[in-house]
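Working notes, beginning with the structure itself.
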Amino acid sequence: MKLKKIKLFAIDSDGVVLNDTYSPAIKIFVESLGVEYTPLIERSVWGSPQITAGHNLALACKLPYSGEKVIKDFFRIREQYIKDHPVEVHAGIESTLELLNSTGAKLTCYGGRNKEYSFDRFLTPYAKYFDKDKPYIDINAFRPGVFEIVKEEFKLNFDEVVFIDDINRVAEVCKALNTGFIGVPASMPHNFQREEMMNTGVKFMVNKFTDITKDIIHQVDRSLSNSSLW
C-alpha cells in the first residue's frame, strides 16, 4: 500500500491498543469524595501530565493537598481498580499494526507512563511493527505531545503524521497544527469523548483500533494531501 503523504502513525497506548484503566479510576476517585464526574473533570485530568492531573483533581474535589499527594492517592485507587480490571492488550491488534506497517510509514507508540511500564510489559510481542529506534515515547512531561513527537522526535511536517488516540484534547491539538488524526473515542458509559470529538470536527472515528481499514488509511492520506482533513 503506497501513501502520498503519511510518514508516521503515532498510536496512543492506553485506551487504543491497551484497555482504559485510567478514566474509570478517575470516576471512582472523584465520586468517593462526593463529586460528580463531569466532562470538565474528564478533560482536565485525563491525559494531563501526572502532577497537573493531581492539581486538577485537588481543585475539582476541593482537597487541601498538593498535586503530588493527590496523584499518589489516585494511583492507589487505580491499583485497586486494576486488581479486578487488569491492563490488557486489545484483541486482534496485530492485524491492524501489520496493515499500518505495510504502508511503509513508521509506527511509534506513546503514553503517559515510561516505556518499561507501558510498552515493554504489554507490547513487546508487537515490537517488530514499531520504529526500531523510537518504538515508544513517554509524553508525561510534555502532554499532549503532538508538537514534540512530530518535530523533535521524528523531525517531520505536521501533515505527515497521523495520531490515533481516544482523547479529544489530542484531536484539538492535531486540528490546530493541521496534523492527521483518527479517533478511537473512549466509549465507557461515563465517557464524553465521542461527543467532544464530533464537536471538534473529527472526520475519521472508529469504535476500536481494529476497525481501522485500508480504505480509512487512504482517505486520511488523501485528506492530508489536499489539506481537507480539518
Side-chain angles (χ1 to χ4, degrees), residues 12-90 109-119 121-122 136-146 148 163-174 176 183-200 202 205 207-209:
D12 182 29
S13 53
D14 296 291
V16 175
V17 291
L18 306 177
N19 57 321
D20 168 24
T21 57
Y22 289 94
S23 76
I26 298 169
K27 185 174 186 289
I28 292 168
F29 183 94
V30 300
E31 290 183 346
S32 73
L33 295 166
V35 175
E36 181 184 0
Y37 184 83
T38 65
L40 180 59
I41 288 175
E42 184 167 277
R43 175 182 174 82
S44 65
V45 176
W46 198 16
S48 293
Q50 291 176 19
I51 295 302
T52 303
H55 284 298
N56 289 341
L57 276 172
L59 289 170
C61 300
K62 298 181 179 179
L63 298 174
Y65 309 121
S66 67
E68 289 85 348
K69 174 178 172 17
V70 173
I71 201 63
K72 288 178 182 177
D73 292 343
F74 164 76
F75 274 112
R76 281 193 285 270
I77 293 287
R78 180 179 174 271
E79 286 302 315
Q80 289 298 315
Y81 176 80
I82 63 175
K83 287 180 180 179
D84 295 323
H85 308 85
V87 178
E88 297 176 335
V89 177
H90 282 312
C109 190
Y110 64 91
R113 304 292 292 270
N114 62 37
K115 179 176 179 289
E116 291 73 22
Y117 182 87
S118 293
F119 192 89
R121 285 179 64 185
F122 302 107
Y136 179 86
I137 299 169
D138 176 359
I139 62 168
N140 179 56
F142 48 83
R143 280 185 178 271
V146 174
E148 290 79 3
F163 283 78
I164 303 173
D165 206 295
D166 61 334
I167 298 179
N168 180 58
R169 288 179 66 194
V170 177
E172 291 176 331
V173 176
C174 287
V184 189
S187 57
M188 288 187 176
H190 62 271
N191 290 137
F192 303 97
Q193 297 306 301
R194 181 174 295 276
E195 182 180 357
E196 292 197 358
M197 284 188 191
M198 292 175 65
N199 291 337
T200 296
V202 173
M205 278 192 279
N207 291 324
K208 54 186 184 296
F209 179 69

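Numbering starts at 1 and runs along the sequence shown.
- Between I51 atom CD1 and K72 atom NZ the span is 8.0 Å, to the nearest 0.5 Å.
- Remark: I82 CD1 to H85 NE2 distance equals 11.5 Å, nearest 0.5 Å.
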Next item on the list: Please lay out, stage by stage, how I137 and C109 fare under the test side chain to side chain contact (heavy atoms under 4.5 Å, CB included).
Entry: CA-CA 6 Å; I137 299 169; C109 190; over 6 Å; no

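- Of the inter-residue distances, the one linking W46 atom CH2 with D14 atom CG reads 9.5 Å to the nearest 0.5 angstrom.
- Contact check for K208 versus H90: no side-chain heavy atoms found under the 4.5 Å cut-off.
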Next item on the list: Dump the intermediate steps for salt bridge (charged side-chain N to carboxylate O under 4.0 Å, His left out) on E148 and R143, then the final yes or no.
Entry: CA-CA 9 Å; E148 290 79 3; R143 280 185 178 271; over 6 Å; no

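- V170 is not listed as a side-chain neighbour of D12, based on a closest heavy-atom distance of 4.5 Å or more.
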Under 3.5 Å, which donor-acceptor pairs link side chains of residues 191-198 to any protein atom two or more places apart or in another chain?
| from | atom 1 | to | atom 2 | distance (Å) |
| --- | --- | --- | --- | --- |
| N191 | OD1 | M188 | N | 2.9 |
| N191 | ND2 | S23 | OG | 3.2 |
| N191 | ND2 | E42 | OE1 | 3.0 |
| Q193 | OE1 | N168 | N | 2.7 |
| Q193 | NE2 | E42 | OE2 | 2.6 |
| R194 | NH2 | N207 | OD1 | 2.9 |

Note to self: side chain to side chain contact (heavy atoms under 4.5 Å, CB included), that's the test. Do I41 and V35 meet it? Break it down for me.
What the structure shows: CA-CA 10 Å; I41 288 175; V35 175; 3.8 Å; yes

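- Ionic pairing of E36 and K27 is not present here: no N-O contact between side-chain nitrogen and carboxylate oxygen is shorter than 4.0 angstrom.
- For the atom pair H55 NE2 and S66 OG, the distance stands at 6.5 Å (nearest 0.5 Å).
- Side-chain atoms of D138 and Y117 include no donor-acceptor pair closer than 3.5 Å.
- With hydrogens and angles left out, the side-chain atoms of Y22 and R113 include a donor and acceptor closer than 3.5 Å.
- Rounding to the nearest 0.5 Å gives a distance of 8.0 Å between OG of S44 and CZ of R169.
- Listed here is the closest heavy atom pair of V146 and C174: CG2-SG, 4.1 Å.
- The NE2 atom of H190 lies 8.5 Å from the CD1 atom of I28; values are rounded to the nearest 0.5 Å.
- Contact of the E88 side chain with the N19 side chain is registered, since non-hydrogen atoms from C-beta on lie closer than 4.5 Å.
- Of all heavy-atom pairs spanning V89 and F122, the tightest one is CG2-O, 3.3 Å.
- P144 places none of its side-chain heavy atoms less than 4.5 Å from the side chain of I139.
- The side-chain heavy atoms of F119 and S13, taken from C-beta on, include no pair separated by under 4.5 Å.
- The heavy-atom pair separating A58 from V70 by the smallest distance is CB-CG2, 3.9 Å.
- A 4.5 Å side-chain heavy-atom check between L57 and V30 finds at least one atom pair inside the cut-off.
- Considering every non-hydrogen atom in both G15 and D166, the closest pair reads CA-OD2, 3.4 Å.
- V184 has its side chain out of reach of D165: every pair of non-hydrogen atoms, C-beta onward, lies at least 4.5 Å apart.
- Shortest non-hydrogen contact noted between E68 and I71 is O-CG2, 3.3 Å.
- Using a 4.5 Å heavy-atom threshold, the side chains of F29 and D73 count as touching.
- The cationic atom of K69 (NZ for Lys, CZ for Arg) lies less than 6.0 Å from the six-membered ring centre of Y65 and within 45° of the ring axis.
- Using a 3.5 Å distance cut-off with no hydrogens or angles, the side chains of T21 and R78 do pair a donor with an acceptor.
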